[in-house]
Each structure stands twice: as C-alpha cells, then as structure tokens.
Amino acid sequence: MRFFTQRKHFSDLTGQEVLALAIASEEDDARIYRSYAARLRADYPATAAMFDGMAAEEDEHRARLIALHEDRFGPAIPLIRREHVAGYYARRPVWLMENLSLDRIRDEARAMERDAERFYTHAAARTQNAATRKLLGDLAAAEAGHQARAGALEEAHLDADTREDEDRAAHRQFVLTWVQPGLAGLMDGSVSTLAPIFATAFATQDTWTTFLVGMAASVGAGISMGFTEAASDDGELSGRGSPIKRGLASGIMTTVGGLGHALPYLIPEFWTATTLALLIVFVELWAIAWIQNKFMQTPFWRATMQVVLGGALVLGAGALIGSG
C-alpha cells in the first residue's frame, strides 16, 4: 500500500537514483566487510584477510559504478540509501554481529552477496525501461561476480588446515564462554536445589509451599552463580570471553536447573507433583551427562556416574531430612 510508507518505491526511482543506490550499497558493504576483518583479525587472521579482500572488491565495483554515473549523469550523485527505498534488502547492523560465531559471520557474508544479486535480478525483470533494465542486469552480474570472487578469496586464504584451526579455536571459545559456565550453572541448579525442594516436599507435603521454596532457591542460586561467575574472571588473561556473557549463561542455567523440578509443585496433588518432579530430575541429570560428553569430552558413562550418583545422594539427603 503505497500511501502507508514515506519511503520511495523502487519502481519510482530514476536510472540515476538506482545507480546512486547501488553506489551507496557497495560502500556500506565494504564497510561491513572491513568491520568483520577488524573484529576477527586477532583470533582468525585468515578469515580477516578474506574479508579485507572482499572489501577491496566492493571498493573496485563502487569505483566502476561512480565512473558510470559520471559518464551518464555527471559528478553529482543523489543521496539515496537502502532505508530510503521500500522493499530494498536490509543489512544487519554490525554491532548485532558481536555474538555470532565464526561460521555465522561467514554465512552472513554469503547472504549479503546473494541478497544483492537476487534484488537486482528481480528488479531488472520488472522494469520496462531498456536503459534501467540493462543497468540492473549489469548490477546483478556484478553481484554474482562478487560471490565467485568471494569463493576464490576463501580458497586462497582459507585452506583446509587453516579453516580447521580457526573452526577449532571458535569452538573452544564457544565452550569457554557459554558451555562451561552454563554447564556449571545447570549442574548447580539441578543438584544443589534437590535437597531443599524435596526436604520441604516430604516435610510439609504442601505443594504450594514446596513450589515457593523451590522458586526462591532457584532464583537465589541463579543470581549468586551469575554474579560469582562474572566477578571471578574478566576473561582478559584466561581467554574465557566476556564476563557478562559467562555470568548470564551461568545464572540463567542455574535458575533453569532448579525450576525444572520446582514447577511440578504447581500441581495441587502431592504425589502427582512429586512423581513428575522426580522424572524431570532424571531428565536433567541425563542432559548434564550428555552435555559433558559432547562438549567437554568426558566419557559418557563416567559423566553419568558422577552426575547421577551425586544427584541421587543429594536427593536422598533431602528426602531423608524432610521425612525425619
């Protein structure tokens, strides 16, 4: 609905405005690639070199487009950008890419080139103006060339060994920043809250009271674990990453681990709630063993024995104290 937007529609753009839009888009993409390179240079130099090369390619295409604009329309380029045109493909702000993995950043770069090619090809097919149609077709071909060149740059800078090394480093960073503190939180929340929750359950046989105790224990443990993890290491020397990320991972997973077997006590019938809570405890402990095996390379049966035995002892202690 044309009257619901203040942005121009692509079909209303002149040939000069289309060319100016392409110039601005190429400039923005070059800046994005350079931002990726700057962020990755310290830890992933080969991928950073690839993005430097892609930025140089965007600069080259922008220069060619500017030369074409000067030949056709003169040196004054209209100010028009992506956000001025309805339906034009958008780019993710660079600051939102901070938490993306290395593979996701590479995928985003490929998607950037595909989006541009698809848009220009679609627009060229819809326009009736011969000059604009040719221009859009040339831009689509240029973006397709970008993809081929990006692939060549990736092959040049990222041989199999280099990619494997960088992927291994990225996986290790993911484990240190998210998995390790999250796993510690999940273990603490799942195991340490067993005693107070089931002690309260068997002592009172009041599901609402048990739920309140479980909620308090889970949230309190989550806040404590989150702050402890964030304050214990700033990540500069250990390389474990942002303390805020680690604190969030630890705190949230601690809370989740405790709430898992506290929420069933919202059910009024005591034995139904307790049976469901015990089943959830079983699932939680197996999930912890699986995470240890997958991400921490702990042998599965050893992880199972450690977690299940520890959980069973804490559960038994809570039930025994509550029954006494």
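By the rule that hydrophobic residues join a cluster once side-chain heavy atoms approach within less than 4.5 Å of another member, Met253 and Ile288 end up as members of one cluster. Taking hydrophobic clusters as Ile, Leu, Val, Met, Phe, Trp and Tyr residues chained together by side-chain heavy-atom distances below 4.5 Å, Leu68 shares a cluster with Phe73. Hydrophobic clustering (side-chain heavy atoms under 4.5 Å, transitive across Ile, Leu, Val, Met, Phe, Trp, Tyr) keeps Met225 apart from Leu183. A single hydrophobic cluster is seen to contain both Leu266 and Leu278, as judged by linkage of ILVMFWY side chains at heavy-atom distances under 4.5 Å, directly or through other members. Both Ile23 and Val85 are members of a single hydrophobic cluster when ILVMFWY side chains are connected at heavy-atom separations under 4.5 Å.
Among residues at least two apart or in separate chains, ring-ring contact (aromatic ring centres under 6.0 Å, His included) pairs with a member in residues 186-209 are Trp208-Phe211.
In this structure Glu83 satisfies the side chain to side chain donor-acceptor pair (under 3.5 Å) test with no other residue, sequence neighbours excluded. Residues that satisfy the side chain to side chain donor-acceptor pair (under 3.5 Å) test with Thr274, not counting sequence neighbours, are Tyr265. Judged as a side chain to side chain donor-acceptor pair (under 3.5 Å), and not counting sequence neighbours, Arg62 has no contacts. Partners of Ala289 under the side chain to side chain contact (heavy atoms under 4.5 Å, CB included) rule, at least two apart in sequence or in another chain, are Phe300, Ala303, Thr304. Partners of Thr210 under the side chain to side chain donor-acceptor pair (under 3.5 Å) rule, at least two apart in sequence or in another chain, do not exist in this structure. Remark: Ala20 pairs with Ile77, Pro78, Ile80 by the side chain to side chain contact (heavy atoms under 4.5 Å, CB included) rule, at least two apart or across chains. Ala37 is linked by a side chain to side chain contact (heavy atoms under 4.5 Å, CB included) to Arg41, Ala48, Phe51, Asp52, counting only residues two or more places apart in sequence or in another chain. Ser224 pairs by the side chain to side chain contact (heavy atoms under 4.5 Å, CB included) definition with Thr228, not counting sequence neighbours. Partners of Asp28 according to the salt bridge (charged side-chain N to carboxylate O under 4.0 Å, His left out) rule, which considers only residues two or more places apart in sequence or in another chain, are Arg81, Arg82.
A pairwise comparison of heavy atoms in Arg246 and Pro181 identifies O-CB, 3.7 Å as the closest pair. Shortest non-hydrogen contact noted between Ala30 and Asp59 is CB-OD1, 3.5 Å. Of all heavy-atom pairs between Ala76 and Gln16, the closest is O-NE2, 3.3 Å.
Here Met215 contributes atom CE and Thr255 contributes atom OG1; the two are 9.5 Å apart, rounded to the nearest 0.5 Å.
Summarising the hydrophobic clusters (Ile, Leu, Val, Met, Phe, Trp, Tyr; side-chain heavy atoms under 4.5 Å, direct or chained), the residues clustered with Ile267 are Leu276, Ile280. Other members of the cluster containing Val283 do not exist, because no ILVMFWY side chain is joined to it at under 4.5 Å.
Between Met54 and Tyr36, every side-chain heavy-atom pair lies at or beyond the 4.5 Å cut-off.
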